[in-house]
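The sequence lines fix the lettering, A, B, ..., with proteins before strands; numbering per chain opens at 1. Predicted model, so just to flag it, every value in this text is computed and none were measured.
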Amino acid sequence: MMRPIIEMKNVVKSFGHFKALHGVDLQVKEGEIVVVIGPSGSGKSTLIRCINQLEEHNGGEIIVDGAEVGHGRKSTVLTEVGMVFQSFNLFPHMSVLRNVALGPVRVRGLSWAEAEERAQRLLTRVGLADQAAKYPAQLSGGQQQRVGIARALAMEPKVLLFDEPTSALDPEMVGEVLDVMQQLAKTGVTMVVVTHEMGFARKVADRVVFMDGGRIVEEGPPDEIFNTPRDPRLRSFLQAVLSH
Amino acid sequence: MATNVEALSIMSIFDTFLNWKVFVQTLPLLLSGLTTTLTLGVTAIILGFIGGLVLALLRLYASSPLRQIAVAYIDIFRSIPILVLLVVIYYALPFVGLRLSSFGAAASALSLVSAAYSAEIFRAGIEAVPKGQFEAARALGLSPWRLMSDVVLPQALRIVIPPITSNSINVMKDTALASVVAMPDLLKQATQAQALAANPTPLISAAVIYILILMPLVRLVGVFEKRLAVRGR
Ligand SMILES: Nc1ncnc2c1ncn2[C@@H]1O[C@H](COP(=O)(O)OP(=O)(O)O)[C@@H](O)[C@H]1O
Ligand SMILES: [Mg+2]
């Protein structure tokens with residue numbers, strides 16, 4: 001339970017001349033729920049996209065479940081990392097059921113029958129049992145994002161990454177997605193969540209990480225971060241976010 | 001008196017250009033030409049489609065030497081006039097020991113050029129698939145091949161239906177160039193029939209047949225485009 005499943009050591013990521021991550025160190029223990037907060041452009045997305053190598057880091061080390069990733073390594077460990085996107089990115093030409101079943105069939109080698117059974121079970125879990133035959137475009141944003149979560153879960157990942165999963169949603173749909181995530185947090189899966197939902201961070205996070213300018217500026221349990229912030233940048237960030 | 005003359009001249013125009021007897025006599029010849037034209041067109045369309053897809057993937061994802069070859073191929077075969085290519089294949093290649101039948105030469109020329117145009121169409125189609133689709137597929141752990149076949153290409157193919165149909169219409173039209181290398185296609189048979197009957201009716205018939213075959217496709221492209229425009233809003 002206490003072994004680190006993600007270890008980032010001095011991770012640097014540049015886009016051309018621009019440095020988006022300036023040597024980030026982060027350890028996430030198995031089963032831990034880490035929430036990443038920070039102003040727009042501070043490198044939150046880049047941080048979690050480096051973990052599953054949607055962005056390849058230029059320096060430092062990233063070790064996932066004991067295996068180093070990146071720098072051209074072909075590693076199967078990344079199939080243990082699932083991701084939920086801000087814009088859902090469901091496959092529009094497949095039914096909801098297929099969306100969820102595809103990964104298990106193509107990557108885990110399940111038969112379609114097995115995978116669709118698993119998919120149906122997961123859709124039930126996110127409250128979409130009756131939507132399986134529909135296409136993504138026929139669902140509301142909140143429903144689409146719950147399919148996105150089911151799709152990631154279908155791979156039975158050890159780590160789930162969320163990149164602002166509720167930012168593209170109408171306000172009335174944010175709750176249904178956060179509820180699903182909160183349920184998930186109790187199952188023992190490791191979660192790294194980038195979000196602006198401070199209520200969620202307070203309630204669900206084991207640890208909150210605050211980023212600014214491509215660096216982790218402060219981290220700690222939610223109580224500490226929200227009640228006794230030390231860094232002035234964190235203080236002004238919280239003031240700005242919590243004032244409305 | 002004047003009206004009689006007019007009636008007479010209209011009759012003679014019909015006799016000349018739309019002579020029923022000549023039409024009936026030469027129809028079998030025209031239909032055999034049509035079969036050849038369709039076979040040639042469909043062959044070139046299919047080969048051009050496959051070749052274009054491969055070229056597009058090479059151009060987008062292959063590493064250096066292969067990619068450059070694909071780029072060069074696409075540029076060269078979009079620059080060369082099909083008629084010139086056809087004449088080169090049919091009349092010049094025999095000098096280096098490669099002798100193709102007129103069908104083989106025509107099918108090669110049309111496919112080689114169609115592949116180049118199709119490649120650019122496929123490339124645009126693949127590039128029009130949102131980046132998030134690639135990322136979601138990679139995040140799931142799909143192999144590059146599965147990413148393409150399961151996620152990207154089905155979406156890209158839907159996007160390219162109108163321009164690929166347009167290109168297929170062009171290929172069908174260009175089959176008429178094959179009459180230059182003595183291939184018995186619709187146009188060649190029509191000119192033959194005209195010579196035999198000493199009457200241009202077969203040529204008019206051939207023109208009408210081309211229009212009847214291709215106009216539905218032209219309409220179809222219009223429908224596709226209208227539908228895309230509506231969905232894009
Ligand atoms: N693909 C990219 N190319 C160039 N710059 C990028 C790219 N992705 C992110 N950046 C830059 O890196 C910085 C951090 O971006 P990001 O990680 O998306 O921030 P956040 O998620 O915290 O809003 C920003 O300044 C952004 O403009
Ligand atoms: Mg972001």
Side-chain angles (χ1 to χ4, degrees), chain A residues 45 48-56 64 69 74-94 98-109 112 115 135-137 144-145 147-163 168, chain B residues 49 52-53 56-57 60-67 121-165 220 223-233:
Chain A
S45 297
I48 64 169
R49 289 161 61 84
C50 280
I51 296 173
N52 72 345
Q53 290 295 299
L54 286 183
E55 305 289 357
E56 193 164 353
V64 178
V69 299
K74 284 215 168 68
S75 167
T76 55
V77 77
L78 288 176
T79 64
E80 303 301 333
V81 182
M83 188 163 205
V84 175
F85 299 87
Q86 178 174 348
S87 49
F88 326 137
N89 298 346
L90 298 181
F91 305 131
H93 58 296
M94 295 179 196
R98 278 258 152 163
N99 263 277
V100 181
L102 182 70
V105 171
R106 297 303 192 215
V107 181
R108 298 281 193 244
W112 279 108
Y135 282 78
Q144 290 191 47
Q145 192 57 297
V147 175
I149 294 173
R151 178 176 67 179
L153 284 176
M155 294 294 291
E156 302 184 327
K158 294 181 177 161
V159 179
L160 272 176
L161 308 173
F162 294 81
D163 193 358
Chain B
F49 187 96
L53 192 53
L57 292 173
L60 283 170
Y61 303 114
S63 46
S64 196
L66 266 180
R67 207 177 62 103
I121 293 170
F122 283 128
R123 180 167 73 106
I126 290 170
E127 285 174 341
V129 175
K131 233 180 89 213
Q133 294 292 308
F134 291 79
E135 294 186 346
R138 281 172 55 202
L140 272 184
L142 297 187
S143 64
W145 159 247
R146 283 297 177 190
L147 174 150
M148 269 297 140
S149 68
D150 287 351
V151 175
V152 175
L153 285 184
Q155 297 183 62
L157 288 179
R158 226 163 284 191
I159 295 169
V160 302
I161 287 173
I164 282 291
T165 311
L220 203 59
V223 172
F224 286 146
E225 276 164 358
K226 205 173 284 174
R227 215 186 282 167
L228 275 185
V230 169
R231 216 184 296 152
R233 247 175 254 150

Fill in: Which portion of A/Arg98 sits near chain B, non-hydrogen atoms under 4.5 angstrom
neither
Worksheet item: For A/Phe91, does its backbone N or O pair with a side-chain atom of A/Asn99 as donor and acceptor, under 3.5 Å?
Response: yes
Response to the item:
Ranking A/Pro92, A/Gly82, A/Pro104, A/Gly148 by heavy-atom pairs under 4.5 Å to chain B gives rank one to A/Pro92
Fill in: Pi-cation contact, B/Trp145 with A/Arg106 (under 6.0 Å, within 45°)
no
Response to the item:
So CD of A/Gln86 and OG of A/Ser45: to nearest 0.5 Å the spacing works out to 7.0 Å
Fill in: Residues in residues 125-135 of chain B that sit under 4.5 Å from chain A, counting heavy atoms only
B/Gly132, B/Gln133, B/Glu135
Worksheet entry | Minimum side-chain heavy-atom gap A/Leu102-B/Val151 below 4.5 Å | yes
Item to complete: Return yes if some donor-acceptor pair links the side-chain N/O of A/Arg108 with the main-chain N/O of A/Thr79 below 3.5 Å, else return no.
Response: yes
Discussion item. Using modelled atom types and a 3.5 Å cut-off, is there a donor and acceptor pairing between side-chain atoms of A/His93 and backbone atoms of A/Tyr135?
Written reply: no
Practice prompt. Show the numbers, then the answer: is there a side-chain contact (heavy atoms from CB on, under 4.5 Å) between B/Ile159 and B/Phe122?
Written response: CA-CA 9 Å; B/Ile159 295 169; B/Phe122 283 128; over 6 Å; no
Worksheet item: What part of A/Val84 lies closer than 4.5 angstrom to a heavy atom of chain B: side chain, backbone, both or neither?
Response: neither
Practice prompt. Mind checking side-chain hydrogen bond (donor to acceptor under 3.5 Å, both in side chains) for B/Arg67 and listing every partner two or more places apart, or none if nothing turns up?
Written response: none
Fill in: Residue-level interface, residues 152-162 of chain A with chain B, non-hydrogen cut-off under 4.5 Å
A/Met155
Worksheet, complete the sentence: Taken in chain and number order and not counting sequence neighbours, the residues that satisfy side-chain hydrogen bond (donor to acceptor under 3.5 Å, both in side chains) with B/Arg138 are none
Discussion item. Could you check whether any side-chain N or O of A/Glu80 sits under 3.5 Å from a backbone N or O of A/Val77, counting only pairs where one atom can act as donor and the other as acceptor?
Written reply: no
Item to complete: With the side chain counted from C-beta on, respond yes when A/Phe85 and A/Leu90 share a heavy-atom pair under 4.5 Å apart, and no when they do not.
Response: no
Discussion item. Under a 4.5 Å cutoff for heavy-atom pairs, which residue among A/Met83, A/Met94, A/Arg49 has the most contacts with chain B?
Written reply: A/Arg49
